[in-house]
There are 2 protein chains.
Amino acid sequence: MSEQVHALTRAERRRRTEDRILVAARDLFVRLGYERTTIRAIAAAAEVDPSLVMQYFGSKDRLFRQAASLPQDKDLTGDPEGLTEHLMTMLGLKLGGLPQASLTALRSALTHPEAAERVRQVQAHHVSQIGAGMAGMAGEDAELRAALIVAIMLGVTIERHLIELGPLRDASYDEITELLRPCLETLTRPG
Amino acid sequence: MSEQVHALTRAERRRRTEDRILVAARDLFVRLGYERTTIRAIAAAAEVDPSLVMQYFGSKDRLFRQAASLPQDKDLTGDPEGLTEHLMTMLGLKLGGLPQASLTALRSALTHPEAAERVRQVQAHHVSQIGAGMAGMAGEDAELRAALIVAIMLGVTIERHLIELGPLRDASYDEITELLRPCLETLTRPG
DNA sequence: GTCTATAAGCAGATAGAC
DNA sequence: GTCTATCTGCTTATAGAC
């Protein structure tokens, strides 16, 4: 079998090419959004033929779906005591190494219906989790409080990574979390 | 002069048509974003010929620029005492009758470079104003605090009007401002 | 002044040569 | 298996008929 001579099998080569396309796609989708990103540009960035992209992923929509497929978040524990700290951890992830796939979905969340739906679903899940985490403390408005927390995190994430508002883009992880902790605590505690 | 017989002069008719186009354009730009909105769709919504849109506004870009031209915000007074209340007022506007033009720019802020730049400029102005308003109280991090306030307002606005996260979309103006006031106060006061 | 017809370009997707 | 060439459709924008 002459293939055995090569360091990479055919399957392995194919997998790597597919991966290179996916990385290039994410990079462009994150920077330009769904509409302004073309299959041709993705192919050029990945140094493959445009038709290969179609061959491997079927359509632009399917490629986007795969590029923006969100990693499942870890569920919050029901522990109300540690809720704020859990939130800070989540936020920390969003401030630091937010996965490229999440940013891909987020960049197009306002203009691409499917991306919007994805973000909405993840956020609704967060709301119910956060809401449950403080149900004992806050009254009927637990859900609204949770939604506000989600909104704050979205705002900070967008400003830092997508709009790149100067102070938020340049601030360190610690500076931000320190200022935001008391802010979020007013929402996790009643009164 | 036979025109005088008509209730509307030619100039008046023209102005109304132009206005109808602009309203239709805003409506579509707000709902779909810049890329997915076509001149043809705008013309159909305004019940005019597509070429009229070009005739009146020159190009899609110029039409967008006009549709998204932001009303100048009132400057904040330097009064640190009333800062939080000023913020609540601004937020109130954002929660209630946010001008369609602002939403137009916001919807495309993540995917249209010019819209992004517009939003960035307005926000930078807010940051410096809010920062100045609390310079006496907070130390060197006044600018970061101001940026966080702006980020929070952006997050809440986007969730309520664009993503339409259930609890935030349905909550009343008062419910939201009540919960958000203490939250913002942690940022406007040091310690 | 308004609209018909069309130009010119670029997109996603496909068929078939090698 | 990979790429060339092309199809089809839709966009903005324009030129010219009425």
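Chain letters run A, B, ... following the sequence lines, proteins first and then strands; every chain starts at 1.
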Subject >> Atom pair distance, as rounded to whole Å: CZ in A:Arg40 and C1' in D:dC3 >> reply: 13 Å
Original post:
To the nearest angstrom, how far is B:Met54 atom CE from D:dT11 atom P?
Top reply: 14 Å
Original post:
Are any of the side-chain heavy atoms of B:Phe64 and B:Thr37 separated by less than 4.5 Å?
Top reply: no
Subject >> Protein-nucleotide distance (A:Tyr34, atom OH; C:dA11, atom C1'), rounded to Å >> reply: 11 Å
Original post:
For B:Tyr56, is the NZ or CZ atom of B:Arg14 found under 6.0 angstrom from the centre of its six-membered ring and inside 45 degrees of the ring axis?
Top reply: yes
Show me, pair by pair, the donor-acceptor contacts under 3.5 angstrom made by side chains of residues 25-32 of chain A, not counting sequence neighbours?
unit_1: A:Arg26; atom_1: NE; unit_2: A:Ala67; atom_2: O; d: 2.8
unit_1: A:Asp27; atom_1: OD2; unit_2: A:Arg31; atom_2: NH1; d: 2.7

Subject >> Closest nucleotide among C:dA11, C:dA13, D:dT11 to the B:Thr38 side chain >> reply: D:dT11
Tabulate protein N/O versus nucleotide N/O from nucleotides 15-17 of chain D, keeping only pairs under 3.5 Å, one per line.
none

Subject >> Residue A:Asp49, side-chain atoms from C-beta onward, closest of D:dC3, D:dT14, C:dC3 >> reply: D:dC3
Subject >> Whole-Å gap separating P (D:dT11) and NZ (B:Lys60) >> reply: 9 Å
**OP:** Please state how far atom CG in A:Leu32 lies from atom P in C:dA11, giving the value in whole angstrom units.
**Re:** 12 Å
Original post:
When we call it a touch if two heavy atoms are under 4.0 Å apart, what does A:Tyr56 touch: a base, just sugar-phosphate, or nothing?
Top reply: sugar-phosphate
Subject >> Nearest heavy atoms of B:Ile163 and A:Gln123, plus distance in Å >> reply: CG2-OE1, 4.0 Å
Subject >> Among D:dC3, C:dA13, C:dA11, the one nearest A:Leu52 by side-chain distance >> reply: D:dC3
Original post:
With a cutoff of under 4.5 Å between side-chain heavy atoms, which Ile, Leu, Val, Met, Phe, Trp and Tyr residues group with A:Val23?
Top reply: none
Subject >> Residues which pass side-chain hydrogen bond (donor to acceptor under 3.5 Å, both in side chains) with A:Asp49, listed by chain and number, not counting sequence neighbours >> reply: A:Ser51
Subject >> Atom-pair distance (CD1 on A:Ile39; P on C:dA11), nearest Å >> reply: 11 Å
Subject >> salt bridge (charged side-chain N to carboxylate O under 4.0 Å, His left out) contacts touching residues 113-123 of chain B (sequence neighbours left out) >> reply: B:Arg65-B:Glu114, B:Glu114-B:Arg118, B:Glu117-B:Arg120
Original post:
When you check the gap from the basic side-chain N to the acidic O, do A:Glu85 and A:Arg181 get nearer than 4.0 Å?
Top reply: yes
Subject >> B:Glu18 bridged to B:Arg15 by N-O distance under 4.0 Å >> reply: no
Subject >> DNA chain D-proximal residues of residues 11-25 of chain B, any heavy atom under 4.0 Å >> reply: none
Subject >> Length of the CD1-P vector between B:Ile42 and D:dT11, whole Å >> reply: 12 Å
